[in-house]
Each structure stands twice: as structure tokens, then as C-alpha cells.
Amino acid sequence: MRLFVTATNVRTGRGRIFRNADLTPDVLLASACLPTMFKAVEIDGEAYWTAATPATRPWRRWCANARRKTRF
């Protein structure tokens, strides 16, 4: 059986597809890691979190945009 799991690289904002041979508990945790609720999971020296967020671009840029749009 083939299994594919996706997580987003926090630094680059690019998704990575993990296949059967790459699957570890950390990969599964990263794929479910919500950025605002949990610390990113480190895989191969890079931080990852769920790909199911609007984090298709680097997190710092997303935060900067959110701050500009927020009115206090």
C-alpha cells in the first residue's frame, strides 16, 4: 500500500510530500501541526507543520502581512 503525507517547510513555505520510506512519527506529527497551536516539528534539520493552512509562503511574510492588516 502506498501512503503519501504532506507537510509545509516553515522556512520556505513549500510543501513536501513524504512517501512510505520517509514516514516517521515526526512526519505524521508535522502533518497535523497547526502553526498557531503547536511548535513546528523538526525533520532533517528543517521545521515543518501542516500543509492544510494558508502557509504556502514563508511564515515570517505571513505574519508581517497579518500585522499590517490588523487594526488596534
Side-chain angles (χ1 to χ4, degrees):
M1 172 163 66
R2 294 161 104 186
L3 180 62
F4 301 94
V5 175
T6 305
T8 300
N9 182 304
V10 174
R11 184 178 55 80
T12 66
R14 296 186 71 196
R16 177 175 168 186
I17 299 171
F18 296 89
R19 292 167 177 83
N20 290 49
D22 302 322
L23 295 180
T24 65
D26 283 340
V27 169
L28 298 177
L29 287 171
S31 73
C33 178
L34 296 173
T36 58
M37 298 183 77
F38 302 103
K39 182 180 174 187
V41 178
E42 188 173 318
I43 302 168
D44 298 331
E46 294 280 350
Y48 286 86
W49 55 36
T50 184
T53 65
T56 56
R57 53 195 164 163
W59 178 243
R60 289 183 190 144
R61 189 181 323 159
W62 186 86
C63 288
N65 288 340
R67 279 194 297 270
R68 281 196 300 262
K69 293 176 184 175
T70 303
R71 296 176 188 210
F72 294 96

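Count residues from 1 along the sequence.
No continuous path of ILVMFWY side-chain contacts below 4.5 Å connects Trp49 to Ile43, so the two sit in separate hydrophobic clusters. Under a hydrophobic clustering in which Ile, Leu, Val, Met, Phe, Trp and Tyr are joined whenever their side-chain heavy atoms come within less than 4.5 Å, directly or via other members, Val10 and Val41 fall into different clusters. Residues Leu28 and Phe38 do not share a hydrophobic cluster, defined by chaining ILVMFWY side chains whose heavy atoms lie under 4.5 Å apart. If you chain together hydrophobic residues whose side chains sit under 4.5 Å apart, Phe18 and Leu3 fall into the same group. No single ILVMFWY cluster, assembled from side-chain heavy atoms under 4.5 Å apart, contains both Leu29 and Ile17.
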The test is side-chain contact (heavy atoms from CB on, under 4.5 Å); show your working for Asn20 and Arg2 and say whether it passes.
CA-CA 6 Å; Asn20 290 49; Arg2 294 161 104 186; 4.3 Å; yes
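Between Ser31 and Val5 there is a side-chain heavy-atom pair separated by less than 4.5 Å.
Rounded to the nearest 0.5 Å, atoms CZ (Arg14) and OG1 (Thr8) are 11.0 Å apart. A distance of 12.5 Å separates CE of Met37 from OG1 of Thr50, quoted to the nearest 0.5 Å.
Between the side chain of Asn9 and the backbone N or O of Glu46 there is no donor-acceptor pair closer than 3.5 Å.
Contact between Ala47 and Ala40 at its shortest, heavy atoms only, is CB-CB, 3.8 Å.
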